[in-house]
Amino acid sequence: MENKNIYLKNKGEDYVKLTRKKIALLMMATMILAIFLTGCQQGGGAAKDQDIIATVNEKPISSDLYIKNLEIFKRNYENIYGDKVWSLDVGGRTFLQAVQETVLEKLVTEEAIRQYMGEENITVDEALVEEQYQSYMENMKNQPDSQKFLEEKGIDENFIREQIRIELMAKRFREETIKELDLTDEKLEAYYKENIEEYRDIRVKASHILVEKEEEAKDLLGRIRAGEDFAELAKEYSQDPGSATQGGDLGYFERGMMVAPFDEMAFSLKEGEISEPVKTDYGYHIIKVVDHINELHQFEDVKEEIKEKLSEEEINSKIAGIMASYKIEKYMDRIKG
């Protein structure tokens, strides 16, 4: 979905050039979609070196497992974005390469958590595994296309049950980690007070007119100061297709959302003020600030947000510690798309 406001950072092209944050969110969504379709490492005989794409404490992760996971990711992305998504540029890599790396990292992390939970003698309720498996199978009765896909890719009930098991184990891992953190209201409020400015809502509402040449911008600014309507001039002259039809209205935005010169000017103007022409890579902007918001969110309003933030930080830190303490080998050269 291309952002049509061309003054924004990360300008869109034929397909949006995805930022790392967007990729992370997309991959998280896809992992949720795939939660009952992916499999984890199964037992079996010794594999050839080329059939192993990673090891965790000498425990192999097979290329067959990796390929099945990748196929599920690919199917979900193509259902949403089409098959052209794979050629998108992601920081010098294709989107396919980014997904390949993410799938491998997912499998390695899952295996590390599995081993850690085993060391801690924490298990999952097999009755719950079976219950969720039966629920999954019931849902699949109305999804013939998905059934066909699973059959074609060799994803059988053992794979599905094992994925349900690892998801339940991951849930237990999260719960145990958060429990150990013991986030009382007192701790949460102390964090809020120490980081209070993080919970201040600072935004500005502005309109702009974008033109190619400085002379044209100066001419339009003169006409505005002489009394002509800003919005009408924006509709007629602005070259920003995302806001011109709205009279140049950009709505509210936070610091850092716009390119630097635009951002600095917008947040320096008072309500009702109009800027001199501002040069960016996209041309010359005349900016009109309509409103400012500077509000502090109260603790009760952000308590759950703080709890989630601290929980996620602790979970990520614990996983990083586990991964650092384990012997992990990844063989990227064996990955196939």
Side-chain angles (χ1 to χ4, degrees), residues 26-80 83 86 96 99-118 122-174 328-332 334-337:
L26 284 171
M27 289 181 175
M28 184 181 298
T30 299
M31 288 171 74
I32 293 170
L33 286 172
I35 201 168
F36 291 125
L37 299 182
T38 54
C40 293
Q41 181 67 23
Q42 306 295 309
K48 297 178 181 178
D49 285 349
Q50 289 302 315
D51 293 332
I52 298 171
I53 49 89
T55 60
V56 179
N57 291 334
E58 310 297 336
K59 176 74 177 293
I61 297 173
S62 72
S63 60
D64 178 69
L65 170 65
Y66 164 80
I67 291 168
K68 287 181 171 66
N69 274 263
L70 181 63
E71 288 295 333
I72 293 162
F73 269 66
K74 289 172 70 174
R75 180 174 187 262
N76 286 326
Y77 277 115
E78 288 177 8
N79 284 343
I80 300 171
D83 58 9
W86 306 114
L96 175 59
V99 170
Q100 288 174 328
E101 292 172 14
T102 296
V103 171
L104 178 59
E105 192 64 30
K106 170 184 179 289
L107 296 176
V108 168
T109 303
E110 286 178 345
E111 180 56 38
I113 291 175
R114 182 204 304 277
Q115 292 187 26
Y116 171 82
M117 297 293 273
I122 300 174
T123 59
V124 299
D125 184 348
E126 288 301 316
L128 185 56
V129 173
E130 187 61 24
E131 178 185 326
Q132 292 198 10
Y133 173 74
Q134 294 301 330
S135 176
Y136 164 79
M137 293 301 293
E138 188 65 28
N139 290 333
M140 286 295 289
K141 289 179 181 179
N142 300 318
Q143 300 181 46
D145 288 345
S146 293
Q147 289 184 49
K148 181 180 178 182
F149 170 79
L150 295 180
E151 290 170 3
E152 289 175 349
K153 303 304 178 183
I155 299 173
D156 59 17
E157 65 179 75
N158 290 330
F159 272 81
I160 297 166
R161 278 196 171 92
E162 189 61 21
Q163 183 58 29
I164 293 170
R165 189 173 290 108
I166 194 67
E167 290 296 336
L168 290 173
M169 190 167 288
K171 182 180 179 182
R172 283 289 308 276
F173 176 83
R174 291 176 60 85
I328 295 172
E329 299 284 347
K330 299 182 216 174
Y331 308 108
M332 298 298 299
R334 299 174 187 173
I335 283 180
K336 298 177 182 178

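Sequence positions, counted from 1, serve as the residue numbers for this chain.
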request  = Could you check Trp86 against Glu78 for side chain to side chain contact (heavy atoms under 4.5 Å, CB included), going step by step and ending with a plain yes or no?
outcome  = CA-CA 9 Å; Trp86 306 114; Glu78 288 177 8; 2.8 Å; yes
query = So do Ile72 and Phe149 actually touch side chain to side chain, heavy atoms under 4.5 Å?
reply = yes
message = As an exercise, state the distance from CG of Leu104 to OG1 of Thr109, rounded to the nearest 0.5 Å.
response = 9.0 Å
request  = For the pair Gln147 and Glu151, evaluate side-chain hydrogen bond (donor to acceptor under 3.5 Å, both in side chains) and give the outcome as yes or no after the intermediate values.
outcome  = CA-CA 6 Å; Gln147 289 184 49; Glu151 290 170 3; over 6 Å; no
Taking every non-hydrogen atom, the tightest pair across Pro60 and Thr55 = CA-CG2, 4.0 Å
message = Quick one about Gln115 and Glu111 (side-chain donor to acceptor, distance below 3.5 Å, no hydrogens or angles considered), yes or no?
response = yes
Atom pair CD (Glu105) and NZ (Lys330), whose distance is rounded to the nearest 0.5 Å = 3.5 Å
ask   = side chain to side chain contact (heavy atoms under 4.5 Å, CB included) between Glu110 and Glu162: does it pass, once the steps are laid out?
value = CA-CA 11 Å; Glu110 286 178 345; Glu162 189 61 21; over 6 Å; no
query = Between CD1 of Ile53 and CE of Met332, what distance do you get to the nearest 0.5 Å?
reply = 9.0 Å
note = Here the gap from Arg172 atom CZ to Ile113 atom CD1, rounded to the nearest 0.5 Å, amounts to 13.5 Å
Smallest separation among heavy atoms of Met140 and Leu150, with atom names = CE-CD1, 3.5 Å
request  = Output yes when a side-chain donor or acceptor of Asp156 lies under 3.5 Å from a complementary backbone atom of Phe159, and no otherwise.
outcome  = yes
Lys68/Glu71 salt bridge by N-O under 4.0 Å criterion = no
query = Arg334 side chain to Ile52 main-chain N or O, any donor-acceptor pair under 3.5 Å?
reply = yes
inquiry  = So that I can tick it off, tell me whether Lys171 and Glu167 are bridged by a salt bridge, with the cut-off set at under 4.0 angstrom between side-chain N and carboxylate O.
reply    = no
request  = Could you tell me which residues satisfy side chain to side chain donor-acceptor pair (under 3.5 Å) with Asn79, sequence neighbours excluded, listed by chain and number?
outcome  = none
request  = Would you please test Arg75 and Asp145 for side chain to side chain contact (heavy atoms under 4.5 Å, CB included) and show each step?
outcome  = CA-CA 11 Å; Arg75 180 174 187 262; Asp145 288 345; 4.1 Å; yes
ask   = How long is the gap from NZ on Lys153 to CG on Asp64, to the nearest 0.5 Å?
value = 11.5 Å
Close side-chain approach of Glu130 and Arg161, heavy atoms under 4.5 Å = yes
task = Could you check if a side-chain atom of Tyr66 sits within less than 4.5 angstrom of a side-chain atom of Ile61, using non-hydrogen atoms only?
result = no
task = Answer whether the closest heavy-atom distance between the side chains of Arg165 and Glu126 falls below 4.5 Å.
result = yes
key: By ring pair (Phe, Tyr, Trp, His ring centres under 6.0 Å) - contacts of Tyr133 (at least two apart)   = none
key: Inter-residue atom distance Leu168.CG - Gln163.CD, 0.5 Å rounding   = 10.0 Å
